[in-house]
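Handing you this structure, nothing more for now.
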Amino acid sequence: RVAGMHFFNPVPVMKLVEVVRGVESSEDTVAAVVELAKLMGKTPIVCKDSPGFVVNRLLHLLALEASRIVEEGVATARDVDTGAKLGLGHPMGPFEVFDFLDSLPLFKTVCDYLEQELGERFKVPVWVKNYVRAGRIGRVTGKGFHDYDK
């Protein structure tokens with residue numbers, strides 16, 4: 001008889017909210033939560049209660065594939081980000097997103113969880129694990145997937 005709401009950071013800026021339908025959620029409850037999200041000025045999407053919901057599964061798979069592209073020497077991290085922005089219309093590339101949020105350790109932790117729940121496709125490449133071990137957190141440390149001038 002309950003449903004979840006997954007907001008995105010920064011909450012005042014990001015318009016999307018995932019309305020999470022639990023196993024026992026009623027249609028009335030989901031409809032009420034959708035309306036609540038709209039009253040908050042958000043655009044709701046409805047999904048089942050599943051690891052990563054919708055957006056985090058998409059984002060993490062994109063960033064993992066971007067990591068594999070760099071690992072294979074196909075392109076640099078900078079070129080991958082430029083390709084995502086100019087070729088896919090994303091406001092930021094996958095590496096820039098995690099650097100901006102200062103969340104490389106969180107990226108690894110979420111991928112480890114998703115790998116445990118959903119399988120091998122969420123396995124983190126060793127070079128990314130090494131970046132996390134080396135303390136490359138993102139912009140706040142001056143180093144993440146990219147190097148930044150402090």
Side-chain angles (χ1 to χ4, degrees), residues 1-70 75-125 128-129 131-132 135-148 150:
R1 293 188 286 179
V2 299
M5 295 178 84
H6 179 224
F7 294 86
F8 295 84
N9 283 318
V11 174
V13 175
M14 301 298 281
K15 294 294 184 190
L16 184 70
V17 65
E18 291 173 315
V19 175
V20 182
R21 179 191 307 274
V23 173
E24 299 291 331
S25 297
S26 71
E27 291 301 321
D28 288 344
T29 297
V30 172
V33 174
V34 164
E35 287 307 310
L36 175 62
K38 290 177 182 176
L39 286 172
M40 294 175 165
K42 302 297 183 184
T43 300
I45 62 172
V46 178
C47 65
K48 289 183 187 177
D49 188 6
S50 175
F53 309 128
V54 174
V55 174
N56 274 316
R57 283 174 68 170
L58 290 171
L59 175 62
H60 286 77
L61 276 177
L62 175 67
L64 285 169
E65 188 58 27
S67 299
R68 291 182 189 105
I69 288 168
V70 170
T76 66
R78 184 79 51 210
D79 286 342
V80 168
D81 280 343
T82 300
K85 289 186 291 191
L86 300 180
L88 299 175
H90 293 193
M92 300 173 84
F95 297 119
E96 289 172 311
V97 168
F98 287 101
D99 279 358
F100 178 77
L101 297 173
D102 298 318
S103 61
L104 266 71
L106 180 60
F107 169 68
K108 183 198 166 300
T109 299
V110 170
C111 286
D112 288 346
Y113 165 71
L114 291 171
E115 179 187 9
Q116 181 182 14
E117 293 294 315
L118 300 171
E120 185 79 13
R121 67 187 186 261
F122 288 98
K123 186 174 181 71
V124 178
V128 175
K129 292 179 185 180
Y131 269 29
V132 172
R136 296 180 71 117
I137 293 172
R139 284 183 160 305
V140 71
T141 60
K143 291 184 178 185
F145 284 113
H146 300 293
D147 290 341
Y148 301 91
K150 287 197 171 190

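Please read these numbers as outputs of a predicted model, since none were measured by experiment. In what follows, residues are counted from 1 in the order of the sequence shown. These numbers come from the heavy atoms of this one structure, side chains and all, not from hydrogens, waters or symmetry mates.
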Considering only heavy atoms from C-beta outward, does the side chain of Met40 approach that of Met5 to under 4.5 Å?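 When only atoms from C-beta onward are counted, Met5 and Met40 do touch, with a gap below 4.5 Å.
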Near Lys48 NZ, under 6.0 Å, is it more than 12 heavy atoms from other residues, nucleotides or ligands? no
Just how far is it from atom CG of Leu16 to atom OG1 of Thr43, taken to the nearest 0.5 Å? 7.0 Å
Side chains of Phe145 and Val128: closer than 4.5 Å at any heavy-atom pair? yes
Please identify each residue that fulfils side chain to side chain contact (heavy atoms under 4.5 Å, CB included) with Pro91, with sequence neighbours left out. none
Please enumerate all residues that pass side chain to side chain contact (heavy atoms under 4.5 Å, CB included) together with Ala77, with sequence neighbours excluded. Val70, Phe95, His146
If I compare all heavy atoms of Cys47 with all of Val54, which pair ends up nearest, and what's the gap?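 Heavy atoms only, the tightest pair is CB-CG2, 3.7 Å.
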Quick one: closest heavy-atom pair of Val20 and Ser25, and the distance? O-OG, 4.5 Å
With sequence neighbours excluded, give me every side-chain hydrogen bond (donor to acceptor under 3.5 Å, both in side chains) pair touching residues 31-40. none
Which pair of heavy atoms, one from Pro51 and one from Leu118, lies closest together, and at what distance? O-CD1, 3.9 Å
Under the salt bridge (charged side-chain N to carboxylate O under 4.0 Å, His left out) definition, can you give me all pairs with a residue in residues 90-112, not counting sequence neighbours?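 Found Lys85-Glu96, Lys108-Asp112.
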Residues in salt bridge (Lys or Arg N to Asp or Glu O under 4.0 Å) with Asp147, at least two apart?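 Salt bridge (Lys or Arg N to Asp or Glu O under 4.0 Å) list for Asp147, sorted by chain: Arg136.
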Checking the side chain of Lys42 only, and the main-chain atoms of Met14 only, is there a donor and an acceptor separated by less than 3.5 Å?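 Yes.
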Work out which heavy atom in Ala75 is nearest to a heavy atom in Val80; give both atom names and the distance.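 Reported closest heavy-atom pair: CB-CG2, 4.1 Å.
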Rounded to the nearest 0.5 Å, what separates atom CG in Leu101 from atom CZ in Arg139? 11.0 Å
Applying ring-ring contact (aromatic ring centres under 6.0 Å, His included) as the test, list every pair that has at least one member in residues 20-50; sequence neighbours left out. none
Can you confirm whether Phe7 is buried at CZ, in the sense that more than 12 heavy atoms of other residues, nucleotides or ligands lie under 6.0 Å from that atom?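 Counting other residues, nucleotides and ligands, CZ of Phe7 exceeds 12 neighbours.
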Of all residues at least two apart in sequence or in a different chain, which pass the ring pair (Phe, Tyr, Trp, His ring centres under 6.0 Å) check with Tyr131?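 Tyr131 satisfies ring pair (Phe, Tyr, Trp, His ring centres under 6.0 Å) with Trp127 only.
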Using 0.5 Å steps for rounding, measure from the CG atom of Asp81 to the CG atom of Leu86.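 Those atoms lie 10.5 Å apart.
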Can you sort out the partners of Thr109 under side-chain hydrogen bond (donor to acceptor under 3.5 Å, both in side chains), two or more places apart, ordered by chain and number?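 Applying side-chain hydrogen bond (donor to acceptor under 3.5 Å, both in side chains) to Thr109 gives none.
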May I have all residue pairs that pass side-chain hydrogen bond (donor to acceptor under 3.5 Å, both in side chains) and include part of residues 4-23, sequence neighbours excluded?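 Counting only pairs at least two positions apart or across chains, the side-chain hydrogen bond (donor to acceptor under 3.5 Å, both in side chains) contacts touching residues 4-23 are His6-Glu18, Arg21-Glu27.
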May I have all residue pairs that pass ring-ring contact (aromatic ring centres under 6.0 Å, His included) and include part of residues 12-47, sequence neighbours excluded? none
Residues at least two apart in sequence or cross-chain that pass side-chain hydrogen bond (donor to acceptor under 3.5 Å, both in side chains) with Thr82, listed by chain then number, are none
Heavy-atom check, side chain of Val46 versus side chain of Val19, under 4.5 Å: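 Yes, side chains in contact.
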Between Cys111 and Val124, the two heavy atoms sitting closest are CB-CG2, 3.3 Å
Between side-chain atoms of residues 58-69 and protein atoms elsewhere (two or more places apart, or another chain), which donor-acceptor pairs fall under 3.5 Å?
unit_1: His60; atom_1: ND1; unit_2: Asn56; atom_2: O; d: 2.8
unit_1: Ser67; atom_1: OG; unit_2: Ala63; atom_2: O; d: 2.8
unit_1: Arg68; atom_1: NH2; unit_2: Arg121; atom_2: O; d: 3.3
unit_1: Arg68; atom_1: NH2; unit_2: Lys123; atom_2: O; d: 3.1

Indicate the atoms forming the closest heavy-atom contact of Ala84 with Gly93, along with that distance. CB-CA, 4.0 Å
